[in-house]
Engineer: 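Sending over a structure as C-alpha cells; questions will come in a sec.
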Amino acid sequence: MKKIAILGSTGSIGKQTLEVVAEQGDIKVVGLACKGNIKLLEEQIRKFKPRKVCVYDENKAKDLKIAISDLEVEIVTGMDGLIEIATMEESEIVVTAVVGMLGIRPTIHAIKAHKDIALANKETLVTAGHIIMPLSREMGVKILPVDSEHSAIFQSLNGEHFNKINKILLTASGGPFRGKKLDELREIKIEDALNHPNWSMGKKVTIDSSTLVNKGLEVMEAKWLFGVDLDQIQVVVHPQSVIHSAVEYDDGAVIAQLGTPDMRLPIQYALYYPLRRNLSGKRLDLFELQSLTFEKPDLSTFKGLDLAYQAARKGGNMPTVFNAANEKAVALFLDKKIKYLEIIDIIQSSMENCKFIEKPDLEQILQTEKETYEFIGERW
Ligand code: MN3
C-alpha cells in the first residue's frame, strides 16, 4: 500500500485528493495537515485514520484534541508541526496543497527526507524554484505536478526524455472576464470574479484566474519544472479547457493531453505515476464539443500576466515580490478593502519599490515576502 501525507487536506485540492484515495482504496493516508478547519479535519480523521495530524492554528489544535479525545491520533501544530507531517517516516509521497509561501519550508524538508512531492503549491517553485529543483535532483526525488496544465505537460513528456522541448503551449481558460477591456473591469465585484466558467477551485486561485495572475504563476512554475526558457512558454487562451496544455517538439509535432476539467485526474496521475487507473466521472466526448478555440492573451487588459513575465525575466526575488503582493492584494479585495483593478496596481507598485536580490536564499525569500506585506500594509 502506498502511503501519503497531505498538507492542506481541507482545501479544494486536499479534499479531491481524499476523494481519489477513497475511490481507489489502496492508498494509506498517514498524515494530514490543515490551517484551522477542524470540523472537516475531524471528519477526515475518522474516515481515513491518519497516525498524525497538524492543525497550524494552535488554539484550533486544542479544540480538535477535545473533539477527538476518543481516538489515538497525535496532534501537532504550527510550522514545526507542518514539517513533522511533511517528513513522517512511513510516507512515500507528500501532497503539498497548502496555499501560499507557507508551503516552501515543509516542501524542502520533505525533499530532504526523500519524499516524492505531489506539488499543488505553486508558490514553492515560483519563489524558490532555484532552490527546490537542484535539491530534488540531488535527493533523487520526483516532483510530480498536480496543477492541471503542468500535469498535462508532464504527461506530454512521457517517453520523450531523449528529445528537446521546442515550445510549451500553456493553455488558459481566460477566466470569467475574457474578451473584456480594461474599462469594463473597473467595477468588478467579488461575486463576478469568483464565478469561474470551467473549474471549481479555492477562492484565491479563482480570483487569480480572473486576473490571469494565476497563469503568470504557472508560467514561472513551468519554467522551473521543465527546465525551459521563458520565451519557450507560450500562453494560449483556450476557453473550453479541454486541451490542458501541450508540448511542441523540434520536428513540429505537438503532443497534448485532453480531458474534461476535473482536478482529480492530475491528482490521481501524480499519486500513481506512471500508472493510470480508472477514474469515475464524465468522459471527454468529442462529438459533444462544438469546437475548440484559441486566442492570444490580451496583455494590455490582463496586466497581471505581463507583470508576471517581467518578474520572471528579472528573476531573483522578484517573483516572490510578485507573488506576495498578489496574495496580499487578493486578500484585500476579498475583504472589500480595494477595487478589483487595484490588485494589479499593488503588484506593480510593490515590484517597483522592492529591494532586489539576485540569488535569494530561503531566509531572504521569506524576508522579501514580509517586506512586501509591510510595504502594502503602510499604503493600502
Ligand atoms: Mn492550473
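Start at 1 and go down the list; that is how both ligands and their atoms are numbered. By convention here, the first residue in the shown sequence is residue 1. Hydrogens, waters and symmetry mates are skipped; everything else that's a heavy atom, side chains included, is used.
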Engineer: When you measure from the side chain of N323 to the backbone N and O of T320, does any donor-acceptor pair fall under 3.5 Å?
Structural biologist: no
Engineer: Does D147 come within less than 4.0 Å of K122, counting only side-chain N to carboxylate O?
Structural biologist: yes
Engineer: What are the protein N, O or S atoms, given as residue plus atom name, that sit under 2.8 Å from the Mn ion (ligand 1)?
Structural biologist: D147 OD1, E149 OE1, E218 OE2
Engineer: With no hydrogens and no angle check, is any side-chain donor or acceptor of Q240 less than 3.5 Å from a backbone partner on T293?
Structural biologist: yes
Engineer: Can R277 and Q24 be counted as having a side-chain donor-acceptor contact under 3.5 angstrom?
Structural biologist: yes
Engineer: For the NZ atom of K65 and the CD1 atom of I38, what is their distance to the nearest 0.5 Å?
Structural biologist: 13.0 Å
Engineer: Strictly below 4.0 Å, N to O, side chains only: are E92 and K115 in salt-bridge contact?
Structural biologist: no
